[in-house]
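Chain letters run A, B, ... following the sequence lines, proteins first and then strands; every chain starts at 1.
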Amino acid sequence: MTLRTRFAPSPTGQVHIGNLRAAIFNWLFTRHAGGEFLLRIEDTDRERSTPEAVQAVLNAMQWLGLTTDGEALYQSTRREAHLAAAETLLQSGHAYKLDKGGTGKGEAVLFKMPGTDMAFRDLIKGDLHKAAADLPDFVIVRSDGNPVFHLANVVDDIHMGITHVIRGDDHVENTYRHVALYQALGAPVPRFAHLPMIVNAQGKPYSKRDGAAYVGDFRDKGYEPDALFNYLALLGWNPGDDREVMPREELVAAFSLDRVQSKAAQFDFRKFEWMNAEYLKRLPPDSYRARFRRELEESKLLPADISENYLDSVSSLLRERIKSWPETTLQAGYFFTEHYSFDPDAVRKRLKKEGAPELLAALREAFSALPNFDAASTETALRALAETRGVNASELIHPLRVIVTGQPGGPSLFHLLEVIGRERVLARMARPIPA
RNA sequence: GUCCCCAUCGUCUAGAGGCCUAGGACACCAGGUUUUCAUCCUGGUAACACGAGUUCGAAUCUCGUUGGGGACGCCA
């Protein structure tokens, strides 16, 4: 029998990282075992399910590289099968009709629990039990004729041949009902694994109030999908050794459910950002360049007539310093416009300093006399001037950086001067000190 | 309220009776490298919730306490 798992989101909004992690764990587990990973869209809640939300699920999975086997199954197309199962249960005496509480709305179909204590072995939490008294009968078909989640879920899992149900912690209590349904339907009971939740600093379920909570948030903020994947894989699971930055194949090879934590984990944004930076560093040069270009275009920083050479130079200067794309493009502005902004603190500290304007003027003079304007030449000239004036080189370096870039920090100064070029550098050095 | 689950540095975690004066990573602090910021290198602060028991020996096993979380829908 083929090992088969599924991700069964209900498309009622954006994809939450908790759900995403469930998908990731399912995927990792399945790929490790060489089984099949299926997608089922639980769109039976007509009120809340939307096509946009379905698309969000699909987009999220594609962005993260969560490949599925076969077509997605839409639960709304399975209504007849759900109802047929209810009929079967009615016939076999496992279910009965009841006007619960005398609503007058008609009769609902209730599933009759076995009336015995129940137990199942969770692949993550171990042996779980529940007393019969705590396992009441429950509705499987509403009085309006619509099947309820528990029924639909189990019937579809049987239909799809799901062997391992890996889902969120919040379904633990439902599992007894589900097990009873499988048994009453005469179907083999799958293995269950319940993932602990992702919580915020207060120990409550992580929500949008705690920061980026939806997959789309991470994509919009320019984070790397592989970094999110890796970080989430490590939230509640570890390979058993010290590895943390792990390529997809390594994650697949190392994954096992018995190393999944049974306690909730807190999403640590700082560690995630570190992970993201690790992935950025490892980006192959050509993908880095393509991404850099795209980011610039999207933030409207890129002039139409820019030369590929110039773009190349800028991207390699910024490359070694990037932590995130937004941060990078924020730093890139002054390479493409003369209307770059000035950091007020830097201006005050470096340009409004006594003697700075005069030193800058002298330096400008020295720069214009240079036969070549490469990094080595400007550095030599600057240090020579410092020597002559009897000041520390940094007395020239800092004001120079601020007047040319507007920023207190940045890439190697002499190299960026070379990239920007003599003409523009001299022009910038001659501009009045910003207020 | 009832039922269930959980409990190692601030955070993610290693640890399945002696290898633990508890290891790694992020964050933080200090020093070094650097023209700056970042990177990078070195070092440091920091945890077994508490109490009983079992044992020659407990972070690891048992019980209790406390704390936290989840589920209790004709939602999914």
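- The residue G236(A) sits close only to the backbone: its heavy atoms come under 4.0 Å of sugar-phosphate atoms, none of a base.
- Atom CG of L28(A) sits about 8.0 Å away from atom CZ of R248(A), to the nearest 0.5 Å.
- The residue among A8(A) and K263(A) whose nearest nucleotide of RNA chain B is located toward the 5' end is K263(A).
- Taking only side-chain nitrogens and oxygens, Q261(A) comes nearer than 4.0 Å to OP1 or OP2 of A14(B).
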Below 3.5 Å is the cut-off: list the nitrogen or oxygen pairs between protein and nucleotides 24-32 of chain B, distance only.
{"from": "A25(B)", "atom 1": "O4'", "to": "E244(A)", "atom 2": "OE1", "distance (Å)": "3.1"}
{"from": "A25(B)", "atom 1": "O2'", "to": "E244(A)", "atom 2": "OE1", "distance (Å)": "2.3"}
{"from": "A25(B)", "atom 1": "O2'", "to": "K271(A)", "atom 2": "NZ", "distance (Å)": "3.3"}
{"from": "A25(B)", "atom 1": "N3", "to": "K271(A)", "atom 2": "NZ", "distance (Å)": "3.0"}
{"from": "C26(B)", "atom 1": "O2'", "to": "K271(A)", "atom 2": "N", "distance (Å)": "3.2"}
{"from": "A27(B)", "atom 1": "O2'", "to": "R270(A)", "atom 2": "NH1", "distance (Å)": "3.1"}

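- Side-chain proximity of D99(A) to C74(B), U2(B), C5(B): nearest is C74(B).
- L413(A) comes within 4.0 angstrom of a base, heavy atoms only.
- Across the strands present, C28(B) finds its partner in G44(B); the criterion is a Watson-Crick or G-U wobble pair with both atom distances under 3.5 angstrom.
- Residue S143(A) has its side chain nearest to C74(B) when only U36(B), C74(B), U13(B) are considered.
- Ring-plane geometry between Y206(A) and F267(A) is classed as tilted, the angle between the planes lying from 30 to 60 degrees on a 0 to 90 degree scale.
- Across all strands shown, A7(B) pairs with U66(B); the Watson-Crick or G-U wobble distances both stay below 3.5 Å.
- Rounding to the nearest 0.5 Å gives a distance of 7.5 Å between CZ of F25(A) and CD1 of I124(A).
- The aromatic rings of F255(A) and F29(A) sit perpendicular, their planes meeting at an angle over 60°, well past the 30° parallel limit.
- Comparing L234(A) and D45(A) by the nucleotide of RNA chain B that holds the closest heavy atom to each, the one mapping nearer the 5' end is L234(A).
- Using N1 to N3 plus N6-O4 or O6-N4 for Watson-Crick, or N1-O2 and O6-N3 for G-U wobble, each under 3.5 Å, G1(B) pairs with C72(B).
- Screening D156(A), D157(A), D43(A) for a salt bridge (charged side-chain N to carboxylate O under 4.0 Å, His left out) involving R78(A) leaves a single residue, D156(A).
- Nucleotide A58(B) has no partner under the Watson-Crick or G-U criteria, as no pair reaches both atom distances under 3.5 Å.
- Taking a cutoff of 4.0 Å between a charged side-chain nitrogen and a carboxylate oxygen, R291(A) and E224(A) qualify as a salt bridge.
- Among the protein residues, L128(A) comes within range of the sugar-phosphate backbone only, with heavy atoms under 4.0 Å from sugar or phosphate atoms but none that close to a base.
- Counting to the nearest Å, the C1' atom of C3(B) and the CG atom of D117(A) are 13 Å from each other.
- Rounded to whole Å, the separation between the P atoms of C26(B) and C41(B) comes to 9 Å.
- At a cut-off of 3.5 angstrom, counting only N and O atoms as typed in the model, there is no donor on one side facing an acceptor on the other between the side-chain of S412(A) and the base of U36(B).
- Figure legend: R431(A) and Y340(A) shown as a cation-pi pair, the cationic atom lying under 6.0 angstrom from the six-membered ring centre and within 45 degrees of its axis.
- Note: M429(A) CE to R424(A) CZ = 15.0 Å, rounded to the nearest 0.5 Å.
- The side-chain heavy atoms of Q55(A) and E52(A), taken from C-beta on, include no pair separated by under 4.5 Å.
- You'll find that the side chain of K281(A) is closest to U39(B), out of U2(B), U39(B), C75(B).
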For a ring pair (Phe, Tyr, Trp, His ring centres under 6.0 Å) check, start with the C-alpha distance between H178(A) and H150(A), then their side-chain angles and the critical distance, and finish with the verdict. CA-CA 7 Å; H178(A) 295 181; H150(A) 302 294; 5.1 Å; yes
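- In summary, of the residues considered (T5(A), N19(A), T175(A), N174(A)), a side-chain hydrogen bond (donor to acceptor under 3.5 Å, both in side chains) with R167(A) occurs for T175(A) alone.
- Distances shorter than 4.0 Å separate none of the side-chain N or O atoms of N238(A) from OP1 or OP2 on U13(B).
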Give me, pair by pair, the N or O atoms of the protein and of nucleotides 61-72 of chain B that are less than 3.5 Å apart, along with how far apart they are.
{"from": "G69(B)", "atom 1": "OP1", "to": "K204(A)", "atom 2": "NZ", "distance (Å)": "2.5"}
{"from": "G70(B)", "atom 1": "N2", "to": "E173(A)", "atom 2": "OE2", "distance (Å)": "3.3"}

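- Using a 4.0 Å heavy-atom distance criterion, S10(A) is classed as a sugar-phosphate-only contact.
- Using a 4.0 Å heavy-atom distance criterion, A265(A) is classed as a sugar-phosphate-only contact.
- Between R142(A) and C75(B) there is a side-chain N or O to OP1 or OP2 distance below 4.0 Å.
- The side chain of E379(A) lies closest to U35(B) when the candidates are A7(B), U35(B), C75(B).
- Nucleic acid contact class of R259(A) (heavy atoms, under 4.0 Å, all strands): sugar-phosphate only.
- V148(A) comes within 4.0 angstrom of the backbone, heavy atoms only, and of no base.
- With P as the reference atom, G32(B) and A14(B) are 37 Å apart, rounded to whole Å.
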